[in-house]
Structure formats: structure tokens, C-alpha cells
There are 2 protein chains.
Amino acid sequence: MTSVDTLDQVSEILSHAEKKCVARGVRLTDKRKLVLSSLLQMNKAVSAYDIVDYCKKQLGEIVPAMSVYRILDFLQEQQLVHKLNLVNKYVACCEIACDHSHEVSQFLICSSCHKVKEIKLGKITEAELRRDVEEAGFKLVSPQLEINCLCEECVKASN
Amino acid sequence: MTSVDTLDQVSEILSHAEKKCVARGVRLTDKRKLVLSSLLQMNKAVSAYDIVDYCKKQLGEIVPAMSVYRILDFLQEQQLVHKLNLVNKYVACCEIACDHSHEVSQFLICSSCHKVKEIKLGKITEAELRRDVEEAGFKLVSPQLEINCLCEECVKASN
DNA sequence: TTTTCAAATGTTATGATATAACATAACACT
DNA sequence: AGTGTTATGTTATATCATAACATTTGAAAA
């Protein structure tokens, strides 16, 4: 994948995101686009401060960390971004460009490079999960699962 | 469950933990016992600084935060304590008193009060999880799952 | 059009979690 | 007692996150 392809994809996804925001009556401002665009370009789980650095060094834009946190909150509300609590990092949703409504996701997080893959577990698995949780007397709040993994490249690199 | 019962259980578990450490040729020092004992008495997921406070206020012992972190690392290596990355808190392993070797755990974490229940998922669920992860081209590092839930009391309290 | 209100962003301070680096103390083995 | 290793103490700092208040921007009413 070339750099141009990537940038094309980014602006494609950004315009989808903007449509979704318009449809919901909220504004995807320039700063918000900047943050989302950074997340898309970095293409892995990053911290709020990583975004600040990326904006400054790669895009020549100064964004206060406080603003990044607020914008990340907004983007999460709009289901454009997920927070990965396992590693205290943020990642763009893989389904921004889809029209169907958003399902709950499971995240495979590479412990080594923080690359993230968002997958759907099989139906049986989620049903069983819910059953096991309720048997234990708890109520499932969010079936979002965050799973410590290694991606293929990092597995190879460690050999 | 009365307070005395609880304290009896704590010292019972501590002596199991000590046996395990002796068997492995490592030392469960007084400070380490203090930290493990605090975790057992608090009986929920707590931060390192919560442990510092508990030691000071409830047990009259001053333990520097730095020491608590080191001791938590040690206790994790000995599989006496788990770190819950989802909430950046620590909890005593529920199986310290068991003799059989330790399996991988799933944690139900109450988002409201941080009570934690450690459960085993059904075999099919774990096998499916592993299959789904590997189909996605990742390698499962730790099938430890941390799941956002509400415990019964907090569900009731929110009604 | 300008006034006005709400939303967005900026600014500063601080809290919460965690680790690095080096010093000292305790223990265990000669 | 001497020596090396392990454990703990101490200080500083990195990293992640929010609170509180000021300013700016944008959109809609007057």
C-alpha cells in the first residue's frame, strides 16, 4: 500500500465521518478532523499525547493535550473512535465507512507495537460469554473485549 | 461473614501463599505479606496508592508507593496477584489456597464499585476465542479477559 | 445586522498511575 | 566478620487524565 493510497483512504473515511456527523446534527470541526485524521494515518493504538506530537511534527499543527482529550471524547460518542482501556490508548473505529449500525467490537492489541485489529467474535462465543457472566451474578455492561496478542510481524521479529 | 471469619481466612490464605513461595525458593517477606494481606482484606480491585493508604490508615504501617509497585510485581510473578489493566488496579488471586496449577482467568469487574469476580469461561468459549484470534492473524498472548460488568448490588443500587 | 447564547477551544493547574536511578539495609552463604 | 545478592528506601520524573475557568467561534433570534 503506497502513501498516496493511504491518504486517499483517509480523506474517503473522513468524508464518511463528516456525513455521519451531519446526519446526527453534530459538527466535525477542523480540529476534530485533524485528530481523527491523525489517528487514521497512524493506524495503531496511540495515546492522546502521541496525537499531540503527531500533529506538531507531521502536520505542523499545535493542539493542546486538553483539546485532544475533549475531541477524543466527542469522537467516542460519535462512535468514530474507541478507547482501549487495556493500554490507555485510542484507535479509529474500523467501521466508519460502513452504513450499517455499529456492533460491539473485540480488539486484538499487539503488546509489542500496539497495532490493533477490530474483529467480531462468533455468535456462540458472545452468547456464552454473556451466559457465563450472568451465572456469576454480574451483568454485562459492555461486551467489548480487549485481548493481549502479538501481531504477525512482531511474532516473526521475536524469533 | 463476620470480621473474625475474614481475618481467619486471610491468615489461612497467607500461610498457603507462604508455602508456595518456599516451594519456589522465593521469600514472602513481611512487607510482601503486608501488601498481600491488604489486598485480601480489601477484597476488591484497588490501586497501588489505595494499598499505601490502607496500610497507613488501617494497619498503621508506612509503605512507600515505590515499594508497593515492586511488591505487586513480585506477587504477580508468583501468581498471587493479578493486575487488571482495564482499570489499572490490582486484586489478589482467588486461587492462592488451591494446590492445582493456575489456569488462565477471566475477570468480571464492577464498573461501579470495582468488586471483582474471577471466573473460568467454558472450554468452548476459550477455544473459539483462540480460533477467532488466530484467524485474524494474531497470536493470543494472554487469554486473560477483563470484562466490564456491574455486580448485583450495584445493579440494585442503580434502580 | 448585531445581539445573544451555546458550543468549541484555549490555558493553567493539578491529580492519578507508574517507572527510573541510585542509596541503604537485610539476609544468606562462606 | 566478609561478601554478594536480594529487598527496601528515597527522590525525581514520566505518563495518562481531568478540573476549572477564560476566550473564541458559530448559528440563530431579535
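Convention: sequence-line order gives letters A, B, ...; per-chain numbering from 1. Bear in mind that the values here come from a model prediction, so they are computed numbers and not experimental data.
At least one side-chain heavy atom of A:Leu39 sits under 4.5 Å from a side-chain heavy atom of A:Val81. Under the 4.5 Å side-chain criterion, counting only non-hydrogen atoms from C-beta, B:Gln144 is not in contact with B:Gln106.
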Identify all pairs in which a protein N or O lies below 3.5 Å from an N or O of nucleotides 3-10 of chain D, and state each distance.
| unit_1 | atom_1 | unit_2 | atom_2 | d |
| --- | --- | --- | --- | --- |
| D:dA7 | OP1 | B:Arg32 | NH1 | 2.9 |
| D:dA7 | OP1 | B:Arg32 | NH2 | 3.4 |
| D:dA7 | O5' | B:Arg32 | NH2 | 3.4 |
| D:dT8 | OP1 | B:Thr29 | OG1 | 2.6 |
| D:dG9 | OP1 | B:Lys31 | NZ | 3.2 |
| D:dG9 | OP2 | B:Ser67 | OG | 2.8 |
| D:dG9 | N7 | B:Arg70 | NH2 | 2.4 |
| D:dG9 | O6 | B:Arg70 | NH1 | 2.7 |
| D:dG9 | O6 | B:Arg70 | NH2 | 3.4 |

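For the pair A:Leu34 CG and C:dT9 P, the computed distance is 10 Å after rounding to whole Å. A:Asp73 has its CG atom 10 Å from the P atom of D:dA17, to the nearest Å. Put simply, CG on A:Asn85 is 12 Å from C1' on D:dA17, counting in whole angstrom units. Summarising the geometry, the separation between CD1 on B:Ile51 and C1' on C:dA16 is reported as 15 Å, rounded to the nearest angstrom. For the pair A:Asp50 CG and D:dA14 P, the interatomic distance rounds to 16 Å; values are reported in whole Å. The CG atom of B:Leu84 sits 15 Å away from the C1' atom of C:dT17 (whole-angstrom rounding). Atom CG in B:Leu72 sits about 11 Å away from atom C1' in C:dA18, given to the nearest Å. Taking atom OH of residue B:Tyr69 and atom C1' of nucleotide D:dA14, one finds them 12 Å apart after rounding to whole Å.
Contact annotation: B:Asn88 side-chain N/O to C:dA18 OP1/OP2 distance is under 4.0 Å. Between C:dT17 and B:Lys89, a contact under 4.0 Å exists linking OP1 or OP2 to a side-chain N or O. Between B:Tyr90 and C:dA18, a side-chain N or O to OP1/OP2 separation shorter than 4.0 Å is present.
With A:Glu146 contributing its side chain and A:Leu86 its backbone, the two residues share a donor-acceptor pair below 3.5 Å.
If you check distances only, the side chain of A:Tyr49 does reach the base of D:dA17 with a donor-acceptor pair under 3.5 Å.
Under the 4.0 Å criterion applied to side-chain N and carboxylate O atoms, B:Glu152 and A:Lys139 are not assigned as salt-bridge partners. Classification of A:Lys156 and A:Glu153 as a salt-bridged pair fails, no side-chain N sitting under 4.0 Å from a carboxylate O.
Side chains of A:Ser111 and A:Asn148: a donor on one and an acceptor on the other come within 3.5 Å. With no hydrogens or angles considered, no side-chain donor-acceptor pair links A:Tyr90 and A:Gln76 at under 3.5 Å.
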